[in-house]
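The structure presented is a predicted model; accordingly, all values stated were derived computationally and were not measured. Every number for a ligand or one of its atoms is a count from 1 in the order of the listing.
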Amino acid sequence: MAQYTKSQLTELIIGKLRRNFGREVEHATPTQIFKCCALVLRDIMNIHRVDTAERVREKQARQVHYLSLEFLMGRSLMKNAYNLGVLDALTQALDEMGFAAADIFELEPDAGLGNGGLGRLAACYLDSMTTLEIPATGYSICYELGIFRQKIIDGQQVELPDNWLEPGEAWLITKMDEVQTVRFGGKVDVHWERGRAQVEHTDYTSVMAVPRDMVIAGYGTDHTNTLRLWDARCALPVDMKYYSSGEYLKAVEQKAMAEVIAKVLYPADDHYEGKSLRLKQQYFFVSATVQSICRAHKAQYGTLRNFHEKHVIQINDTHPTLVIPELMRILLDEEGYSWEDAWDIVSHTVCYTNHTVLAEALEKWPQELIQTLLPRIWMLIVEIANRYQAYLEQAFHGDQAKVENMAIIWDGQVRMANLCVCACQAVNGVSALHSDILRKDVFRNACSLKPQVFKNVTNGIDHRRWLSEINPRLDGLIRQCAGGDDYLLHPDAMRALEHYRDDRAVLAELEDIKRENKRRFAGYVARETGILLNTDAMFDVQVKRLHEYKRQLLNVLHIVHLYQQIKSDRSFEMTPRVFLFGAKSAPGYTVAKEIIHLINSLAATVNADPACKDKLQVVFLENYRVSLAEKLMPASELSEQISTAGKEASGTGNMKFMMNGALTIGTLDGANVEMHQQVGDENIFLFGLTADEVIEKKRQGYQAYEYYNNDPALRAVLDQIAKGFDDGVAYDSITNRLLFGGDEYMLLADFESYRQAQERAAKTYLDRTRWNQMALTNIARSGLFAADRSIRDYARDIWHVPTRE
Ligand code: 26Q
């Protein structure tokens with residue numbers, strides 16, 4: 001790998017400053033310095049990019065295309081410097097110019113092009129695919145506004161626009177020579193000529209798709225990949241030509257449609273809404289992507305006949321499903337292939353990852369919407385659906401219940417997951433339990449026909465970012481114990497830490513690292529909010545999107561229980577705790593917003609009560625995002641992973657906590673199951689019903705209020721929440737939902753078990769040696785959750801591409 005020294009970087013940055021801003025260092029603003037750093041690293045990566053592209057072309061290598069409506073990239077400056085091996089040199093160069101590197105890094109806006117888990121997973125996977133030298137491209141939309149900025153005003157969430165492009169677009173390169181055109185609406189006529197269908201599409205609206213590429217650097221390699229973000233522009237300018245030819249309205253329409261498509265990321269996660277703009281976004285990005293892959297392929301091979309040998313398309317949840325009919329369209333309408341030949345290519349190219357089993361998250365589009373917006377795509381979906389239906393009738397000997405369950409079009413709706421299952425040679429879940437549920441429940445009928453299609457790839461995280469980069473002292477300790485930096489490319493090497501389980505010096509160092517990280521985080525919170533965190537207390541953290549199934553409310557029930565004990569018993573002794581929450585709610589999700597309000601009401605009361613001093617503190621952290629998580633994970637001690645068993649597909653926050661030495665309190669849900677397998681009963685605080693028990697209890701007729709009647713502590717907690725706290729806001733709508741609304745996520749059934757697990761955690765925390773040993777074991781065994789492992793699984797079992805050793 002080419003290396004850059006401090007003085008080389010200084011020279012490059014100063015050069016940029018002069019050329020792009022006409023400034024000398026003495027007169028440069030920090031933002032200008034940030035931009036110049038980004039441009040300098042971008043140049044370096046671009047040189048690698050050209051070489052990589054040439055190598056891939058020469059080798060005629062098989063390529064991965066990762067399609068996702070979300071890439072939650074966060075910040076890139078420190079990450080790119082780290083991967084390029086110039087982090088120290090850059091830090092020194094900045095220092096010499098009179099700027100603190102940390103301050104410059106802090107200026108960068110998060111690229112928040114995602115909601116949560118699914119989007120962050122895509123970002124971690126880009127890093128690993130690149131580090132493992134897989135020729136891969138990510139594709140998404142260049143949203144002008146990423147996930148909204150959350151402000152808490154009077155205890156409630158308010159959404160503000162997130163304008164990340166200034167100065168975030170320093171990383172992007174616009175490729176005007178690779179523009180594609182995407183067609184919407186209009187009329188389609190098919191007529192037959194000499195046995196071949198001739199498709200005529202008229203009266204459509206065109207939108208121009210402009211690639212804005214972000215180069216991705218791998219760690220310890222010159223291999224680079226690209227994240228291609230499609231921007232939407234008007235295909236034709238509104239000019240006099242159109243005014244006079246009667247095309248005036250068409251031109252205005254085109255401009256309006258183009259401008260809105262890439263405007264904003266939909267901020268709902270795990271909840272599907274049948275909005276036509278969302279469908280436009282999906283087709284826009286899918287069509288531009290498929291056209292661009294096909295164009296490059298034809299330029300190299302002159303034919304699409306070998307397309308499936310050279311490309312694999314990974315569909316990140318059902319959001320890019322239209323890639324299936326779009327590729328069919330190109331092979332049939334533009335290449336003139338037979339249906340059978342086209343289907344053979346498509347079905348050997350696409351793979352689908354499912355990220356949720358929640359019924360409300362499964363995408364179903366009204367058929368009229370697809371029909372009007374995408375008339376040709378609709379015809380192709382109908383043909384795929386009819387052929388599949390015929391196959392199912394035969395395979396299930398006319399069992400109508402099964403045929404209906406797997407149908408692609410039913411009741412006027414297009415079911416995207418079934419379209420994926422029909423077309424894909426590989427369908428995978430994201431944790432062992434989740435993949436089991438897919439096989440035995442969600443896709444049981446499809447699985448009975450083709451069991452070999454259904455696979456598991458347990459999620460993973462970029463351990464270089466989520467450990468080494470954000471927790472440098474822990475990184476140092478691991479290097480010391482595991483014999484150097486080998487673990488950065490071989491995460492299993494972290495296991496070596498276990499030899500030091502009884503080493504008092506190592507345990508003391510672990511404790512000291514956590515203490516320093518807590519203080520640093522407390523310093524940040526104090527500067528940003530004025531709130532002083534008690535750093536002697538256990539940092540007990542639940543950060544993730546706000547959703548009922550994730551049960552932030554169960555955490556609240558327990559906190560209120562602690563508060564009531566403090567208030568009713570003056571001599572009540574407890575392990576001091578700071579409860580930290582961070583969560584965005586979908587703007588239209590009323591219950592979730594009420595829960596945020598409740599947490600803030602509770603926090604205000606507890607924090608103002610002298611009885612809680614040095615014992616109990618509750619803080620809601622505003623605007624939880626990647627860059628905040630990076631500060632918080634190293635400072636966390638207890639990780640709350642308390643979803644109703646069977647509902648959280650995997651979780652990835654759980655892995656970030658574990659790698660940074662927090663202990664988990666959790667249910668046997670998602671990847672917690674594998675975590676438990678790794679560390680054993682003694683190194684995790686498990687509680688609650690299992691996924692099977694949840695189902696069994698519902699079958700028997702679960703009655704939430706019986707728990708209220710039979711448990712006085714729980715009753716007191718719910719009564720208090722119904723009445724509310726010092727601010728006088730009542731939350732009976734929330735308690736009524738639990739008591740009389742069925743308590744869908746079974747909080748009351750798990751409350752007592754959760755309380756006991758919390759008691760075990762509190763008690764263990766007082767035994768410092770024991771706690772530190774548990775933390776050490778968790779870190780040592782977290783290698784399984786490195787994204788490198790996940791990507792090797794995909795490469796071997798699904799993509800069939802080689803990886804670096
Ligand atoms: C769909 C249609 C219309 C509008 C929005 C959506 C939409 C958007 C985002 C639906 C779902 C999502 C995001 C889902 C998600 O983040 N799922 C999480 O994926 C993680 C990575 O696999 C898992 O770890 C989490 O368990 C899962 O909840």
- Quick one: closest heavy-atom pair of Lys550 and Ile642, and the distance? O-CG1, 3.7 Å

- For ligand 1, which atoms have a heavy atom of Ala649 less than 4.0 angstrom away? 26 (O)

- Message: Looking only at the side chains, is there a donor atom on one of Lys584 and Asn115 sitting less than 3.5 Å from an acceptor on the other?
- Response: no

- Query: Has Glu70 got any heavy atom lying under 4.0 angstrom from an atom of ligand 1?
  - Reply: yes

- So is Lys550 polar-close to ligand 1, meaning N/O to N/O under 3.5 Å? no

- Message: For a quick test of reading the model, state the closest non-hydrogen atom pair linking Ser431 to Asn456 and the distance between them.
- Response: O-ND2, 2.7 Å

- Do the side chain of Gln542 and the main chain of Asn555 share a donor and acceptor less than 3.5 angstrom apart? no

- Listed partners of Tyr219 passing ring-ring contact (aromatic ring centres under 6.0 Å, His included), at least two apart: Tyr82

- Taking N or O atoms only and a 3.5 Å limit, does Leu118 qualify as a polar contact for ligand 1? yes

- Query: Would you say Thr356 touches ligand 1, if touching means a heavy atom closer than 4.0 Å?
  - Reply: no

- Task: Determine whether Leu638 and Phe685 make a side-chain contact, defined as any pair of heavy atoms from C-beta on separated by less than 4.5 Å.
- Result: yes

Ignoring hydrogens and angles, write down the donor-acceptor pairs under 3.5 Å from the side chains of residues 664-673, residues two or more places apart or on other chains.
| residue | atom | partner | partner atom | Å |
| --- | --- | --- | --- | --- |
| Thr667 | OG1 | Ser643 | O | 2.7 |
| Asp669 | OD1 | Gly646 | N | 2.7 |
| Asp669 | OD1 | Lys647 | N | 3.4 |
| Asp669 | OD2 | Ser643 | OG | 2.6 |
| Asp669 | OD2 | Lys647 | N | 3.4 |
| Asp669 | OD2 | Glu648 | N | 2.9 |
| Asn672 | OD1 | Asn654 | ND2 | 3.0 |
| Asn672 | ND2 | Gln641 | O | 3.2 |
| Asn672 | ND2 | Thr667 | O | 3.0 |

- Residue Ala268 vicinity, atoms of ligand 1 by number, heavy atom under 4.0 Å: 5 (C), 6 (C), 7 (C), 8 (C), 9 (C)

- Message: For the CD atom of Gln371 and the CD1 atom of Ile377, what is their distance to the nearest 0.5 Å?
- Response: 13.5 Å

- Considering all heavy atoms, the nearest Gln314-Ile798 contact: OE1-CG2, 4.0 Å

- Give the single entry among Ile461, Val430, Asn459 that approaches atom 21 (C) of ligand 1 most closely by any heavy atom. Asn459

- Give yes if a backbone or side-chain nitrogen or oxygen of Arg278 is under 3.5 Å from a nitrogen or oxygen of ligand 1, and no if not. no

- Using a 4.0 Å heavy-atom cut-off, say whether Arg545 meets ligand 1 through its side chain, its backbone, both or neither. neither

- Asn115-ligand 1 polar pair, N/O distance under 3.5 Å: no

- Can you find an N or O of Tyr549 that's nearer than 3.5 Å to an N or O of ligand 1? yes

- Salt bridge Asp127-Lys79, side-chain N to carboxylate O under 4.0 Å: yes

- Nearest protein heavy atom with distance in Å, relative to atom 14 (C) of ligand 1: Asp270 OD1, 3.2 Å

- Message: Can you see whether Tyr754 engages Glu640 through a side-chain donor-acceptor pair at a distance of less than 3.5 angstrom?
- Response: yes

- Query: Under 4.0 Å from any heavy atom of Asp269, which atoms of ligand 1 are there?
  - Reply: 9 (C), 12 (C), 13 (C)

- Distance to 0.1 Å, residue and atom name: give those for the protein heavy atom nearest to atom 27 (C) of ligand 1. His355 O, 3.6 Å

- Note on the structure: of all protein heavy atoms, closest to atom 25 (C) of ligand 1 is Glu648 OE2, 3.3 Å

- Task: Please state whether Gly651 comes within less than 4.0 angstrom of ligand 1, counting heavy atoms only.
- Result: yes

- Message: Would Glu273 count as being in polar contact with ligand 1, using the rule that some N or O on each side must be under 3.5 angstrom apart?
- Response: no

